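Everything quoted here is computed from the prediction, not taken from an experiment.
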Amino acid sequence: MNFNRELTKKHLELKFEKVPSFDTTAEVNCYDGVIGQKRAVQSIELGLNMDSKEYNIFISGKTGIGKTGYIVRKIEEYAKEMSTPEDWCYVFNFEKPNNPMAISLNAGMANKFKEDMSKFIKQIAKEVPVYFNTEDYENEKNNIINEHEALLLNLSRGLSLEAKKRGFGVKKTPSGEFMFIAEKDDEDLTEDERNLMDSSMNELRVISADMFKRSRQIEKKLEIELKMLDDKIADNIISSKIEDLINVYNYSSKAVEYLNAVKKDIIQNIAYFFQDEDDAEKSKDIKKAFFRRYEVNVLVDNKESAGAPVIFADSTLQGQMFGNIEYENIMGNLVTDFTLIKPGYLHKANGGYIIIKAEQLLNQPYTWDILKKCINLENISINNTKFKADAVPISTLNPEEIPLKIKVILIGSSIIYSLLLQRDLEFQKIFKIKAEFDNEIEEDESTISNLIGSVSCYINKNKLRHIDREGIKRLLYLSSRLAENRNYLSSSMGNLFKIIDIANFYAKKDNSEIIQAKHITTALKEEESMHGLIRKKVLDMYRRKRYIVELKGDKVGQINGLSVIDYGDCIIGQQQRITVSTFAGRNGIINIEREADMSGSIHSKGVMILSGFVGELVGRSIPISFNANIVFEQLYSGIEGDSASAAELLALLSSLSGIPIKQSMAITGSVNQKGEIQPIGGVNDKIEGFFDICSLYGLDGTHGVVIPDTNINDLVLKEEVLDAVEKGQFHICTAKNISDCIEILFKDDYIGDNQDGKKDMLKYVKDKMLKTLEQYNNILKESRCN
């Protein structure tokens, strides 16, 4: 059988002549960069060099391209040249206990500050009892007490003398007040003496009130002087030590402010540093709770960092992103303090970079809004009430905000980028850089060399067997197949690495020191088989004739179309029988799938285009009056796309002209109103799907497919198909327009010759159609007359 516009194996096979010369990948230099993504790399470079809160970066592209690994490596290179950011810690706020104070320190100094404070408090706790138990302190304390007790005694004596003068004795009550007792019995007193006694009692009460007031003043002065003595001793113990700490951390004004506040607080609460022997257990718990105020909660320590931090946020929970305040259950109550403040990824990345997966970020309620707020305000605030509603704590904190300087890198799909662009007015303002990684990379010497270098790097890193040159060509074939283009390679390295892993297993099983082409081929077959159960089930349906298919002879108004079904991990090409019935009428072309609500909008549009083509073809010569029903036989699910429109048009032309179509062939392609065949997707899967079906029934040299001429560069076919093409058992033909399709698919015996001896396919079909349409018009005229 002769086919015009037929492709040979020479047209179809890939030779990869640009592969450099080497025996195995062991000879190839390792390449750990991104391959063929010049535009994306330039965008990332720009974003990293823009020192502004608004120039954060959104990186888009398919998974498996290696963009995450590249951006991490790239940012780490930049980060090494940057200065290491400050450490951050939270300390107790003595003036506002519920508002912990944030202190920044030089890189690597936060933990030292924590240790220094711990040593300082322990030293104070050790020295205070010693200083306050010295003989000098006791003598000075006793002198102050004796001096004031003498004054109190003099007051008491003076009151006693005044009372005795008036015939009264004095007794001091437990409350510190004075009670007067008459020396004479009231019954022995005359009326004048009794009146004098009452008057004297009133005088004594006035005197005692003054005495009581003066004694209180003396006691208060005693307390003050004793406190001054304790403060002086405490100051002597603390001052030099605090000054030493201030000299170490004087570059931080907040640290100096805090240390002065510590000194003041210890002096005011020096009693907590005494030994309490009366109730040791109770005292121990109280002191432990009290001494927590002098702890330092290190939030970020950059001691081990060299340059700016690079943090990959593997979780976008609010507490892990922005920090959290934990709570303790004490006597059934949830309480907290500044030591229970925990840092988030933003704290750890402060002064550097944070990388976040956009999908994870947007899946967490409010996280995206809080992140935008942090970027815009350039600070981080920890507040559980923003996002935690599972418990109502008895006490809560509002820690001081920490200044934020950070570059945010979001990694997501182009769809997520578009959605954010459309629905979030702030997004474009703070993410002004987009780095889009292409799914395909142009095949040239540079990209091939880099790809092989990347494979070599992966093999070395994972300690696998190296691959020979023919094996690399098989990997390049897979890469081109994934890209669905002979001139491009897929940027998805993950798929190649998976095949290498499997091939390494088979090489090891084969006791081969290197991975050969046959091991790569076996790995490819294993990968296909691993995800091929559905394909097997579909082919079994054809084998058992559950799907009715005709692959021999010819039929009027019947054609084999091609479609694909994507199951996620498996794409299956299927034959679809398309039939058309035409008869006299005025309804025009009826898309039965659309009438049954099984047709998508694009498919419906494709069917409508047929009317335009037929109208222009014959409608200028004769009134068009016919009904045509177009249907996909055995279609039980919806259909979308216009890649079957060429098949539908040919079936329609066949039905109207009466010229049969070869059933051994199938066609895929979109057609426009002018009859031009337009490119479609999934061409390899469609060809191979029909090839598998034909193989079930036995290839006899008549089978084949017709594809758009513009899809030639997309052909990356399996070896089985190429071998069948070479042997003439299977044919792949291309078509530019509907005339080419007629030439290939319509039965040869029915096609006439023009005057030049060359077949004028479309004219012959048109003439046949005009005769049929004229018959339909006559039928309609007769029906009107009757």
Side-chain angles (χ1 to χ4, degrees), residues 83-128 234-235 237-269 272-273 287-309 311 323-326 336-344 346-352 379-382 397-405:
S83 59
T84 304
E86 298 175 322
D87 290 352
W88 283 94
C89 57
Y90 273 113
V91 294
F92 186 73
N93 189 333
F94 298 99
E95 294 183 1
K96 298 177 181 179
N98 287 334
N99 302 108
M101 180 189 299
I103 295 178
S104 63
L105 298 167
N106 289 343
M109 294 297 289
N111 271 313
K112 185 179 185 303
F113 184 58
K114 178 184 177 75
E115 292 171 4
D116 288 346
M117 281 300 300
S118 178
K119 290 177 183 177
F120 166 71
I121 294 300
K122 287 178 181 178
Q123 195 171 5
I124 297 299
K126 182 179 179 180
E127 292 184 5
V128 164
D235 188 71
I237 299 171
I238 296 168
S239 289
S240 61
K241 299 177 179 62
I242 285 288
E243 284 302 318
D244 290 342
L245 288 174
I246 288 175
N247 289 335
V248 174
Y249 300 101
N250 59 8
Y251 60 84
S252 171
S253 59
K254 294 292 286 292
V256 172
E257 178 187 347
Y258 169 71
L259 290 170
N260 286 325
V262 168
K263 175 183 176 181
K264 181 180 178 181
D265 188 75
I266 291 176
I267 291 173
Q268 290 176 348
N269 296 282
Y272 280 95
F273 291 83
K287 285 183 177 181
K288 183 178 179 181
F290 175 79
F291 284 150
R292 287 182 75 167
R293 67 171 56 198
Y294 303 119
E295 292 181 17
V296 175
N297 181 6
V298 177
L299 213 65
V300 179
D301 176 28
N302 290 306
K303 183 178 180 180
E304 304 299 327
S305 301
I311 300 297
N324 193 20
I325 302 173
E326 296 182 351
T336 189
D337 61 44
F338 74 97
T339 64
L340 297 176
I341 300 173
K342 304 300 178 184
L346 249 61
H347 294 95
K348 297 174 183 178
N350 198 4
N379 64 49
I380 320 169
S381 61
I382 304 175
L397 300 175
N398 186 19
E400 185 179 2
E401 295 171 343
I402 291 177
L404 177 67
K405 183 175 178 60

Candidate pair Asn98 and Asn398, rule side chain to side chain contact (heavy atoms under 4.5 Å, CB included), full reasoning: CA-CA 6 Å; Asn98 287 334; Asn398 186 19; over 6 Å; no
CA sep, side-chain torsions, deciding dist, call: Asn111, Lys303, side chain to side chain contact (heavy atoms under 4.5 Å, CB included): CA-CA 9 Å; Asn111 271 313; Lys303 183 178 180 180; over 6 Å; no
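A donor-acceptor pair is defined here as one N or O able to donate and one able to accept, closer than 3.5 Å; no such pair exists between the side chain of Tyr90 and the backbone of Leu340. When atom types are taken as modelled, the side chain of Lys112 and the backbone of Gly108 share no donor-acceptor pair closer than 3.5 angstrom. Of the possible polar contacts, one joining the Asn297 side chain to the Phe338 backbone as a donor-acceptor pair under 3.5 Å is found. Panel note: side chain Asp87, backbone Met109; a donor-acceptor pair is recorded below 3.5 Å. Side-chain N or O atoms of Asn302 include one that pairs as donor or acceptor with a backbone N or O of Pro85 at under 3.5 Å. Here the side chain of Asn93 pairs a donor or acceptor atom with the backbone of Glu95 at under 3.5 angstrom. Without hydrogens or angle criteria, Lys114 side chain to Val296 main chain gives a donor-acceptor distance under 3.5 Å.
Between Ile237 and Glu127 the shortest heavy-atom distance is CG2-OE1, 3.5 Å. Taking every heavy atom of both residues into account, Lys342 and Leu299 meet most closely at C-CD1, 4.0 Å. What you find for Thr84 and Ala306 is that their closest heavy atoms are OG1-C, 4.1 Å. For Val300 against Lys348, the heavy-atom pair with the smallest separation is CG2-N, 4.2 Å. Heavy-atom minimum distance, Gly351 versus Ala308: O-CB, 3.5 Å. Smallest separation of non-hydrogen atoms from Ile402 and Ala102: CG1-CB, 3.9 Å.
With sequence neighbours left out, Asn379 forms a side-chain hydrogen bond (donor to acceptor under 3.5 Å, both in side chains) with Glu401. Taking the side-chain contact (heavy atoms from CB on, under 4.5 Å) definition, one finds that Ser253 meets it with nothing, sequence neighbours left out.
Between atom OG1 of residue Thr336 and atom CD1 of residue Ile325 there is a gap of 6.5 Å, rounded to the nearest 0.5 Å.
Within a 6.0 Å radius of OH in Tyr272, other residues, nucleotides and ligands contribute 12 heavy atoms or fewer.
Residues Glu295 and Ile121 are not in side-chain contact: their nearest non-hydrogen atoms beyond the backbone lie 4.5 Å or more apart. Side-chain atoms of Phe291 and Ser118, non-hydrogen and from C-beta on, never get closer than 4.5 Å to each other. With contacts defined as side-chain heavy-atom distances shorter than 4.5 Å, the pair Ile124/Lys241 qualifies. Counting heavy atoms from C-beta outward, Asn350 and His347 have side chains that stay 4.5 Å or more apart. Within the 4.5 Å cutoff, the side chain of Asp337 has no heavy atoms near those of the Phe92 side chain.
Side chain to side chain, Lys254 and Ser104 fail the donor-acceptor criterion of an N or O pair below 3.5 Å.
Taking the six-membered ring for Trp and thresholds of 30 and 60 degrees, Phe273 and Phe290 have ring planes more than 60 degrees apart, a perpendicular arrangement.
You'll find the ring centres of Phe120 and Phe113 outside the 6.0 Å limit.
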Under 3.5 Å donor-acceptor pairs involving side-chain atoms of residues 255-262, not counting sequence neighbours:
residue : atom : partner : partner atom : Å
Asn260  : ND2  : Val256  : O            : 3.3

